[in-house]
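The block underneath contains the structure these notes are about, expressed in structure tokens.
In what follows, every chain begins at residue 1, and chains take the letters A, B, ... in the order their sequences are listed.
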Amino acid sequence: GNSVTQMEGPVTLSEEAFLTINCTYTATGYPSLFWYVQYPGEGLQLLLKATKADDKGSNKGFEATYRKETTSFHLEKGSVQVSDSAVYFCALILNDYKLSFGAGTTVTVRA
Amino acid sequence: EAGVTQFPSHSVIEKGQTVTLRCDPISGHDNLYWYRRVMGKEIKFLLHFVKESKQDESGMPNNRFLAERTGGTYSTLKVQPAELEDSGVYFCASSQGWAGASETQYFGPGTRLLVL
């Protein structure tokens, strides 16, 4: 079946540090890939997505590139802020409507 | 435009009791989904409605869970009787059309259920 594996947290960073959250997937086919974010007290929000190999999704300073050869979709941000503190979920969809999520990575950014 | 709302935000019940969770999707969204995150693990799909019809309930864990969407508007998810392993966060999402890469699923804040 389809599955997503992302790095375990929690991750604690200082403001302006570089953030990377690793995500790899297993799928029988070519999925679309997503990063969702859940800020404290809020629902899951789509952060970015990529629908085919070598696509780069970007939003709010975050980027992730769909790497078919390594089945990865790592999330990066060059300079994090306190407001980036949240839980980040990597997810995929393959030919249907069911999102398959990773376990989530909690990120805390300290001032 | 209001987003997806869920009620209650938190629920603490004893094993064997019944709990009903409610989800109000974004107005005009025919597709409604329930997901669950148990014990800080991955979020898993439970079921999918298209309007009032259950399109896919393959993720429902067992027959103690009953989802309804009368009239194709809001949805309820009832757990009866609740067991300890049902504790977790229940998310609802909606989308205008069939989700896939081109359809964004909009999520609610979730209901945190704790069964003691």
Side-chain angles (χ1 to χ4, degrees), chain A residues 1-11 21 23-27 29-53 55 57 59 64 66 73 86-107, chain B residues 2-10 21 23-26 29-51 53-60 88-112:
Chain A
N2 304 326
S3 67
V4 175
T5 302
Q6 61 183 102
M7 64 184 284
E8 294 185 15
V11 174
I21 304 176
C23 171
T24 57
Y25 67 88
T26 301
Y30 301 103
S32 295
L33 303 173
F34 305 81
W35 276 100
Y36 276 81
V37 59
Q38 185 179 23
Y39 299 105
E42 300 184 15
L44 288 166
Q45 302 174 22
L46 178 64
L47 181 59
L48 52 86
K49 70 179 183 183
T51 59
K52 62 183 186 296
D55 268 3
N59 186 24
Y66 189 142
F73 193 54
V87 184
Y88 293 81
F89 294 91
C90 187
L92 66 83
I93 275 183
L94 183 62
N95 300 327
D96 62 9
Y97 43 77
K98 300 178 191 175
L99 281 162
S100 295
F101 287 91
T105 302
T106 301
V107 174
Chain B
V4 176
T5 58
Q6 293 186 244
F7 182 83
S9 59
H10 295 77
L21 313 180
C23 169
D24 287 76
I26 293 172
H29 281 192
D30 287 339
N31 293 267
L32 187 148
Y33 316 81
W34 284 98
Y35 291 83
R36 178 174 76 165
R37 188 185 190 204
V38 172
M39 293 290 290
K41 296 185 178 178
E42 63 270 17
I43 300 169
K44 290 196 172 182
F45 169 85
L46 295 179
L47 85 159
H48 170 216
F49 283 98
V50 178
K51 297 184 180 179
S53 299
K54 291 177 187 175
Q55 189 69 27
D56 181 351
E57 51 184 333
S58 61
M60 295 286 263
V89 182
Y90 290 76
F91 291 100
C92 176
S94 70
S95 67
Q96 193 161 33
W98 280 71
S102 59
E103 287 282 351
T104 297
Q105 294 186 30
Y106 296 89
F107 282 78
T111 293
R112 293 185 179 275

| query | Would Ser100(A) and Tyr25(A) count as having a side-chain donor-acceptor pair, cut-off 3.5 Å? | reply | no

| task | With rounding to the nearest 0.5 Å, note down the distance linking NE2 in His48(B) to NZ in Lys54(B). | result | 13.5 Å

| field | Ser9(B) versus chain A, the contacting section by heavy-atom distance below 4.5 Å | value | neither

| In Å, rounded to the nearest 0.5 Å, how long is the span from CG of Asn2(A) to CG of Leu99(A)? | 11.0 Å

| field | Interface moiety of Gln6(A) toward chain B, non-hydrogen atoms closer than 4.5 Å | value | neither

| Atom CD of Gln96(B) with >12 non-hydrogen neighbours under 6.0 angstrom | no

| field | Contact leader toward chain A among Gln55(B), Gln6(B), Arg37(B), where contacts are heavy-atom pairs under 4.5 Å | value | Arg37(B)

